[in-house]
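Below, all heavy atoms of this structure are taken into account, side chains as well, without hydrogens, waters or symmetry copies. Since this is a predicted model, take the numbers as computed values, not measurements. Proteins get letters first, then strands, A, B, ... in listed order; numbering begins at 1 in each.
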There are 2 protein chains.
Amino acid sequence: MDKNQPEHLKNAGLKSTVPRLKILGLFELGQERHMSAEDVYKKLLSSGDDVGLATVYRVLTQFEQAGLLVRHYFEGGKSVFELNQGKHHDHIVCLQCGHVEEFYDAAIESRQKKIASERGFAVHDHSLHIYADCVKKQCPYKQ
Amino acid sequence: MDKNQPEHLKNAGLKSTVPRLKILGLFELGQERHMSAEDVYKKLLSSGDDVGLATVYRVLTQFEQAGLLVRHYFEGGKSVFELNQGKHHDHIVCLQCGHVEEFYDAAIESRQKKIASERGFAVHDHSLHIYADCVKKQCPYKQ
DNA sequence: TTGCAAATGAGAACTATTATCATTTGCTTC
DNA sequence: GAAGCAAATGATAATAGTTCTCATTTGCAA
Ligand SMILES: [Mn+2]
Ligand SMILES: [Mn+2]
Ligand SMILES: [Zn+2]
Ligand SMILES: [Zn+2]
């Protein structure tokens, strides 16, 4: 595990507490890259860590504001978070199994900037979600 | 007002009822193109029409399933609906005033298809939302 | 008209999330 | 290391958006 976690928190202006370290750890060395608050909460519980759900929500929001995590609003109404690695990307979400795949396309990005500026908008950010079915892949829920 | 509304409903396999006609009317001749359930409910109330909130939600979902409306999930957690005019488009949302502008870009659309199919996904649909500030436009909330 | 399945409306229930507040914990200072 | 204290936590209440339940009403076909 990453011994610099307390530093990561300090650098972000957050004091190093048990719940924060556990949650950051889940993202830094977890197998799941995209997790909702509920996902995080359940993982903590099942690994015996006793963290309140309110704290999970609070910490996720703080991490987002501190730039440690990025939040996405996928369909379905719940926020999903992932480690902020400084590289913007967009997502393909499988409607059968929920599998999330990432992609980045410079052409799409530049078209967006162009379109927005032509129309007199100063872009803050954007979200591009492609909802699809895995056809060639292993999809645990589909066959 | 559109005298063919009952036909529109019939064609969609929905029987022509008072709440359905009122709601469809709001979208067909309303000034607001993108409306949430709450928006629709409030408009009905303020025009003296007594429709239950549950009915509004039910009817909006039925209209979506019937292909009369399209639903979008903008940030903020509430669904927004608009008349389905058969032309897919994406949205720029002003973070100051909430103004929504529509755009369509063939290059972006085809890049998306390409990316998804290269990775073995069969696209159902997608959403592209650009969050921005109106800089050249009239923004009632900004200045 | 009558009959009845379909639709509606009031309110309960549910889901995701935020707010409240008494208790606990991570530093700082002695 | 112990004391002090602001910041953080956790249990739970509250909120927002939406769906469910079920008794009553309505559209429409006979
Ligand atoms: Mn991602
Ligand atoms: Mn639109
Ligand atoms: Zn992008
Ligand atoms: Zn598009």
Side-chain angles (χ1 to χ4, degrees), chain A residues 5-26 34-66 68-81 98, chain B residues 4-26 34-45 47-66 68-81 98:
Chain A
Q5 280 185 352
E7 298 309 315
H8 294 167
L9 291 178
K10 288 248 171 62
N11 295 342
L14 296 167
K15 83 163 74 159
S16 172
T17 68
V18 171
R20 283 174 182 160
L21 290 170
K22 303 269 189 200
I23 292 172
L24 188 54
L26 276 187
H34 303 88
M35 285 185 283
S36 67
E38 194 67 26
D39 293 337
V40 168
Y41 180 62
K42 282 181 182 155
K43 290 221 173 209
L44 291 173
L45 286 195
S46 71
S47 62
D49 297 311
D50 224 330
V51 177
L53 181 56
T55 300
V56 171
Y57 275 102
R58 254 186 318 239
V59 169
L60 289 176
T61 299
Q62 290 162 345
F63 283 4
E64 182 199 10
Q65 286 165 350
L68 293 172
L69 297 180
V70 178
R71 180 197 300 254
H72 303 292
Y73 301 90
F74 291 159
E75 274 181 27
K78 57 174 66 169
S79 291
V80 170
F81 298 81
Chain B
N4 295 327
Q5 279 184 354
E7 297 310 315
H8 294 168
L9 291 177
K10 287 247 174 59
N11 295 341
L14 296 167
K15 83 163 73 161
S16 172
T17 68
V18 171
R20 283 174 183 161
L21 291 170
K22 303 269 190 201
I23 293 172
L24 188 54
L26 277 187
H34 303 90
M35 285 186 282
S36 68
E38 195 67 25
D39 293 337
V40 168
Y41 180 62
K42 282 180 181 153
K43 292 222 170 205
L44 291 174
L45 286 195
S47 63
D49 296 311
D50 225 329
V51 176
L53 181 56
T55 301
V56 171
Y57 275 102
R58 254 186 317 238
V59 168
L60 289 175
T61 300
Q62 289 163 345
F63 283 3
E64 182 198 11
Q65 286 165 351
L68 293 172
L69 297 180
V70 179
R71 180 197 301 254
H72 303 291
Y73 301 89
F74 292 158
E75 274 181 27
K78 59 174 64 168
S79 292
V80 170
F81 299 81

Taking the side chain of B:K78 as heavy atoms from C-beta outward, which of D:dG27, C:dT8, D:dT18 is closest to it? D:dT18

Under-4.0 Å side-chain N/O to phosphate OP1/OP2 contact, B:Y57 with D:dT19: no

Calculate the interatomic distance between A:D50 atom CG and D:dG10 atom P; express it in whole Å. 7 Å

Pick base, sugar-phosphate or nothing for B:S36, based on heavy-atom distances below 4.0 Å to the nucleic acid. nothing

Considering only side-chain heavy atoms of B:L53, which listed nucleotide, D:dT18, C:dT17, C:dT18, is closest? D:dT18

A:T55 side-chain N/O to D:dA8 phosphate OP1/OP2 under 4.0 Å: no

Under 3.5 Å: donor-acceptor pair, side chain of B:R20, backbone of B:K15: yes

Is it true that B:R58 and B:T55 share a donor-acceptor pair across their side chains at a distance under 3.5 Å? yes

Starting at the 5' end of DNA chain C and moving along, which residue's nearest nucleotide shows up first, B:R20 or B:Y41? B:R20

Less than 4.5 Å apart, any side-chain heavy atom of B:L14 and any of B:F63? yes

Are the side chains of B:S36 and B:F81 in touch, meaning some heavy atoms are under 4.5 Å apart? no

For B:R71 and B:T61: C-alpha separation, side-chain torsions, deciding distance, then whether side-chain contact (heavy atoms from CB on, under 4.5 Å) applies. CA-CA 9 Å; B:R71 180 197 301 254; B:T61 300; 3.3 Å; yes

Pick base, sugar-phosphate or nothing for A:T17, based on heavy-atom distances below 4.0 Å to the nucleic acid. sugar-phosphate

On DNA chain D, compare the nucleotides closest to B:G77 and B:V18; which residue's is nearer the 5' end? B:G77

Return the value, rounded to whole Å, for the distance between atom CG of B:L9 and atom C1' of D:dC28. 15 Å

Spacing between A:Q65 atom CD and D:dA8 atom P, to the nearest angstrom: 12 Å

Please report, rounded to the nearest Å, how far the C1' atom of C:dG9 is from the CG atom of B:L45. 12 Å

How close or far is atom P of C:dG9 from atom CG of B:D49, stated in whole angstroms? 10 Å

Is it the case that the base of C:dG9 and the side chain of B:R58 share a donor-acceptor contact (distance under 3.5 Å, atom types as modelled)? yes

Could you state the CD1-C1' distance from B:I23 to C:dT8, rounded to the nearest angstrom? 11 Å

Taking the side chain of B:K10 as its heavy atoms from C-beta onward, which of D:dA8, D:dC28, D:dG10 lies nearest to it? D:dC28

Would you please confirm or rule out a distance under 4.0 Å between OP1 or OP2 of C:dA6 and any side-chain N or O of B:K15? no

Nearest-Å distance, CG (B:L60) to C1' (C:dG9)? 16 Å

Provide, to the nearest angstrom, the distance between the CD atom belonging to A:E38 and the P atom belonging to C:dC14. 16 Å

